[in-house]
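All remarks here apply to the structure that follows.
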Amino acid sequence: QVQLVESGGGLVQAGGSLRLSCAASGRTFSTNIAGWFRQAPGKEREFVAAINWSGSSTVYEDSVKGRFTISRDNAKNTVYLQMNSLKPEDTAGYYCAAARRIFVSIRGEDYDHWGQGTQVTVSS
């Protein structure tokens, strides 16, 4: 069983940066893919970024490419989402997810474990 706890959210002005962290418990986390999803009020959950177990493969949603970077430190059982050049439309609850898979996935239904989320608010 993998448990995930996100941190690092907050209020930031447009153009600013935040780094989200997702701390995982469970020995098998290093063999899991990990992803970040977000959900704004009144909107459906959307994929943001994902990374494979070794960190050698990443994928991003088009609107965050070049601004966000996903990474992981398996020794610390932690996945990060570095968010730069934030925009008001990035405002949402951000959720970390993990799955025992080889290849990264952008589909939420492929992930077995989810964190409680951390709020990111970007003011204009």
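Scope of the values below: all heavy atoms of this structure, side chains included, with no hydrogens, waters or symmetry mates.
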Check your understanding: How long is the gap from OG on Ser7 to CZ on Arg19, to the nearest 0.5 Å?
Key -> 9.0 Å
Exercise for review: Ignoring hydrogens and angles, tell me if any N or O in the side chain of Glu6 forms a donor-acceptor pair with the backbone of Gln116 under 3.5 Å.
Suggested key: yes
Review point. Within the distance-only criterion (no hydrogens, no angle test), does the side chain of Ser56 pair as donor or acceptor with the backbone N or O of Ser54 below 3.5 angstrom?
Key: no
Point to revise | N/O donor-acceptor pair under 3.5 Å between Asn74 side chain and Trp53 backbone | key: yes
Exercise for review: Can you tell me which residue pairs pass the salt bridge (Lys or Arg N to Asp or Glu O under 4.0 Å) test with a partner in residues 53-62, sequence neighbours excluded?
Suggested key: Asp62-Lys65
Review point. Roughly how far, to the nearest 0.5 Å, is the CG atom of Asn52 from the CG atom of Asn32?
Key: 11.5 Å
Check your understanding: What closest approach, in Å, do Ser17 and Gln82 show between heavy atoms, and which atom pair accounts for it?
Key -> CB-NE2, 4.0 Å
Point to revise | Co-members of the apolar cluster containing Val59 [side chain, <4.5 Å] | key: Ile33, Phe37, Phe47, Tyr95, Val104, Ile106, Tyr111, Trp114
Review point. Looking at OG of Ser124 and NZ of Lys87, how far apart are the two atoms once the value is rounded to the nearest 0.5 Å?
Key: 14.0 Å
Review point. Any side-chain heavy atom of Tyr60 within less than 4.5 Å of one from Ile51?
Key: no
Point to revise | Minimum heavy-atom distance between Ala98 and Leu4, given as atom pair plus value | key: N-CD1, 3.8 Å
Point to revise | Positive for side-chain contact (heavy atoms from CB on, under 4.5 Å) with Val48, one of Asp90, Leu20, Leu81 | key: Leu81
Practice item. Could you pull out the closest heavy-atom pair between Val2 and Ala24, with the gap in Å? Key: CG1-CB, 4.2 Å
Check your understanding: Quick one: does Gln3's side chain have a donor or acceptor within less than 3.5 Å of a partner on Ser25's backbone?
Key -> no
Check your understanding: Roughly how far apart are Cys22 SG and Trp36 CH2, rounded to 0.5 Å?
Key -> 5.0 Å
Review point. Can you tell which of Val120, Val64, Thr91 makes a side-chain contact (heavy atoms from CB on, under 4.5 Å) with Arg38?
Key: Val64
Check your understanding: Closest heavy-atom contact between Arg72 and Val79?
Key -> CB-CG2, 4.0 Å
Review point. For Arg107 and Asp110, which heavy atoms make the closest approach, and how far apart are they?
Key: NH2-OD1, 2.9 Å
Exercise for review: Return yes when atom CD of Glu109 has more than 12 non-hydrogen atoms of other residues, nucleotides or ligands closer than 6.0 Å, and no otherwise.
Suggested key: yes
Revision key, fill the gap. Looking only at heavy atoms, the pair that brings Pro88 and Ala14 closest together is CD-CB, 4.1 Å
**Study point:** Distance, nearest 0.5 Å, that separates OH of Tyr80 from SG of Cys96
**Key:** 11.5 Å
